[in-house]
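First up is the structure itself, then whatever we jot down about it.
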Amino acid sequence: MDTASSLHQNPIRRRVRGGECVVDAALDVIGGKWKGMIVYQLLDAGPLRFNALRREVGDITQRMLTKQLRELEDDGLVSRTVYAEVPPRVEYRLTAGGVALAPVIAALKTWGEDHLRVRATREAA
C-alpha cells in the first residue's frame, strides 16, 4: 500500500502527519473503554496470563479482551509470549513503549479519583 492510500485509509495518521492533533494519535492507541484498564493492570501486576488479566480487568468478554490485546500488540505496547508447554501457557506483558505510559496512566488515575470525589461532594450537597 503506498503512502497516499494509507493516509487516505487512516484519518488519524493523516491528521498527525498533516501537523494537526497528536492527542488524536495517543487516544487512538489507548482510548476506549478497555485499553487503559488493560495497560493499568499490566503496569500494576506485571505479566499476566489471559484469564488472570480478564479477571483483573473486570466485565470484559473474552472476544473483546482478545481484540484489545491484539490492537495493543500491533501498536507495540503489549507483547505476547507463548510457552511451549502442555497445556500451552500465554503471558501478556508491557513493552518498553507500554511501560512509558506509566506516568500517563498514573495522572489519569489521580484525575479520576479527584473527579469522583468532587462529583460525590456535589451530589451530597
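Each residue takes its place number in the sequence, starting with 1.
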Handout entry: Check: Thr95 side chain, Gly76 main-chain N or O, donor-acceptor pair, under 3.5 Å
Key = yes
Handout entry: Minimum side-chain heavy-atom gap Val57-Tyr40 below 4.5 Å
Key = no
Exercise for the section: Identify whether Val82 and Leu72 are in the same connected component of the hydrophobic contact network (ILVMFWY, side-chain heavy atoms under 4.5 Å). Expected result: yes
Problem - ILVMFWY cluster, Val90 and Val39 together (side-chain gap under 4.5 Å) - result: yes
Practice task
May I ask you to decide whether Lys67 forms a salt bridge with Glu71, counting only side-chain N to carboxylate O separations under 4.0 Å?
Solution key: yes
Problem - Whether over 12 other heavy atoms sit under 6.0 Å from Arg70 CZ - result: no
Exercise for the section: State the CG-CD distance between Asn51 and Gln62, to the nearest 0.5 angstrom. Expected result: 7.0 Å
Exercise for the section: Inspect the surroundings of CG in Asp114 and state if more than 12 heavy atoms from other residues, nucleotides or ligands are less than 6.0 Å away. Expected result: yes
Exercise for the section: Measure the shortest side-chain to side-chain distance between Leu77 and Val99 over non-hydrogen atoms and say whether it is less than 4.5 angstrom. Expected result: no
Fill in the blank from the handout: Interatomic distance, CG@Asp59 vs CE@Met64, rounded to 0.5 Å, equals 11.5 Å
Practice task
Measure the shortest side-chain to side-chain distance between Thr81 and Tyr92 over non-hydrogen atoms and say whether it is less than 4.5 angstrom.
Solution key: no
Problem - Pair Glu91 + Arg93: basic N to acidic O under 4.0 Å - result: yes
Exercise for the section: Could you check if a side-chain atom of Ile30 sits within less than 4.5 angstrom of a side-chain atom of Asp75, using non-hydrogen atoms only? Expected result: no
Handout entry: Given Leu53, Leu48, Leu43, the one that forms side-chain contact (heavy atoms from CB on, under 4.5 Å) with Ile38
Key = Leu53
Exercise for the section: Check whether any side-chain heavy atom of Arg80 lies under 4.5 Å from a side-chain heavy atom of Leu69, and answer yes or no. Expected result: no
Practice task
Measure from the side-chain N and O atoms of Arg54 to the backbone N and O of Leu65, and report whether any donor-acceptor pair falls under 3.5 Å.
Solution key: no
